[in-house]
Amino acid sequence: MTPPDASDSRWSDLDRPPLNATALRRALLRPDALWTSLDVVTATGSTNSDLAAKADELGEGAVLVAEEQTAGRGRLDRRWSAPARSGLFFSVLLKPGASVPVERWGWLPLLTGVAVSTGLARAAGVDTALKWPNDLLVTIPKDSDKLRPGEAPIGDERKAGGILAERAGADGVVVGIGLNVTLRADELPVPGAGSLALAGAVSTDRDTLLRAVLRSLEQWYGSWREASGDPAASGLQEAYAKACATLGRTVRAELPGGQSVQGEAVAVDGDGRLVLATAEGVQRPVAAGDIVHLRPAAP
Ligand SMILES: Nc1ncnc2c1ncn2[C@@H]1O[C@H](COP(=O)(O)OP(=O)(O)OP(=O)(O)O)[C@@H](O)[C@H]1O
Ligand SMILES: O=C(O)CCCC[C@@H]1SC[C@@H]2NC(=O)N[C@@H]21
């Protein structure tokens, strides 16, 4: 395949237009919808922090999107960084308390992963896999024509998105989603990152992708709430198992204080914990909040 010329307009930063907040509101804020407000800001520290600060004033369904974050966060205060308008950086405020017992809220980041994955398959034509508990992976073909002249082939599973769910206010959960959309290979913020564009997305229009993801999240959250948070009854457990790249692999969960548990990931339980079958024959559930890292087990 002939590599694209560096002056090819596909590689221009001009193809990073701003989001259209008016059109997004028109499409998403219907009277019967989950989404009740949607704001797009040019820049902020972290959309999760901003929504969390207002969690008691705002009703369920507030959405905050930033074109750029200067202090984006991942789990355990790790950094989430990406150039302005190269992706989608947004948070939603959910209040599942009236319908779902709090022990089941551990499913929220997993539910969000399924929703993002379903929405992106529909709108971007990209297959994504979920790495428990909060990473969204894409596979970048070895012969990707999305690389610029001179760039080394990638050809493996890369992190194109992450999810951060945090308790906020009296009864809220802020769920933040970061997605690399148009990031090029020479812009990847950390080793191991990827983007939808590099994975061959048929659309990288951020308005379209945000609409699809929020619609999908509305549907999955609605089914889960109707089933009182039961992941099996809402179809979530099955959908998660299909999308999850961790199940079936042997992994090491690193716990605080240097301890770790190693085993084959065999299930995700009713509370959203990953169940590891250890070599000693013990089934050990680990909660997302208890792990520092989840790594492939050393051979
Ligand atoms: N735009 C980005 N795209 C992909 N990865 C990113 C981006 N920005 C930051 N990261 C990575 O995401 C990490 C935060 O995610 P998280 O806390 O889930 O860590 P992780 O490395 O994915 O965890 P684990 O070791 O369990 O896989 C950061 O430490 C950084 O390595
Ligand atoms: O990979 C992770 O650990 C999670 C990354 C979550 C990033 C998103 S971007 C929008 C929201 N605001 C934040 O500060 N973090 C989340």
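Atoms within each ligand, like the ligands themselves, are counted from 1 in listed order.
- Protein residues having a heavy atom under 4.0 Å from any atom of ligand 1 are Arg75, Arg78, Arg79, Trp80, Ser81, Lys131, Asn134, Asp135, Lys159, Asn180, Pro189, Val190, Ala193, His293, Leu294, Arg295, listed by chain and number.
- Within ligand 2, counting atoms from 1 as listed, the ones closer than 4.0 Å to a heavy atom of Ile163 are 4 (C).
- Under a 4.0 Å criterion applied to the non-hydrogen atoms of Gly74, ligand 2 contributes the atoms 2 (C), 3 (O), 4 (C), 5 (C).
- Salt bridge annotation for Arg184-Glu187: present, with a cationic side-chain nitrogen under 4.0 angstrom from a carboxylate oxygen.
- Residues Leu38 and Leu214 have side chains in contact (heavy-atom distance under 4.5 Å, counting atoms from C-beta outward).
- Among pairs with a residue in residues 227-238, none fulfils side chain to side chain donor-acceptor pair (under 3.5 Å), at least two apart in sequence or across chains.
- The shortest contact between atom 15 (N) of ligand 2 and any protein heavy atom is with Arg73 O, 2.8 Å.
- Residue contact check: Arg75 has heavy atoms under 4.0 Å from atoms 3 (O) of ligand 2.
- The Gly72 neighbourhood of ligand 2 comprises atoms 14 (O), with distances under 4.0 Å to a heavy atom of that residue.
- The Ile177 neighbourhood of ligand 2 comprises atoms 8 (C), 9 (S), 10 (C), with distances under 4.0 Å to a heavy atom of that residue.
- Within 6.0 Å of CZ in Arg284 there are 12 or fewer heavy atoms belonging to other residues, nucleotides or ligands.
- Of all protein heavy atoms, the one closest to atom 9 (S) of ligand 2 is Gln69 NE2, 3.2 Å.
- Contacts of Lys159 with ligand 2, taken as heavy-atom pairs under 4.0 Å, involve the side chain alone.
- Side-chain contact annotation: Arg16 with Thr182, donor-acceptor N/O pair under 3.5 Å present.
- A salt bridge links Arg73 with Glu166: at least one charged nitrogen is closer than 4.0 Å to a carboxylate oxygen.
- For the side chain to side chain contact (heavy atoms under 4.5 Å, CB included) with Val174, the qualifying choice from Ser46, Ser91, Ser49 is Ser91, the only one to do so.
- Near Ser91, meaning under 4.0 Å from any of its heavy atoms, are these atoms of ligand 2: 11 (C).
- Remark: minimum distance from atom 3 (O) of ligand 2 to any protein heavy atom is reached at Asn134 ND2, 3.0 Å.
- You'll find the side chain of Val63 stays beyond 4.5 Å of the side chain of Asp39, heavy atoms only.
- In the hydrophobic clustering of ILVMFWY residues, with side-chain heavy atoms under 4.5 Å counting as a link, Ile177 and Leu19 come out together.
- Near Thr47, meaning under 4.0 Å from any of its heavy atoms, are these atoms of ligand 2: 10 (C), 11 (C), 12 (N).
- Side-chain contact check for Tyr221 versus Val92: every heavy-atom pair is 4.5 Å or farther apart.
- Under the 4.5 Å side-chain criterion, counting only non-hydrogen atoms from C-beta, Lys131 is not in contact with Lys159.
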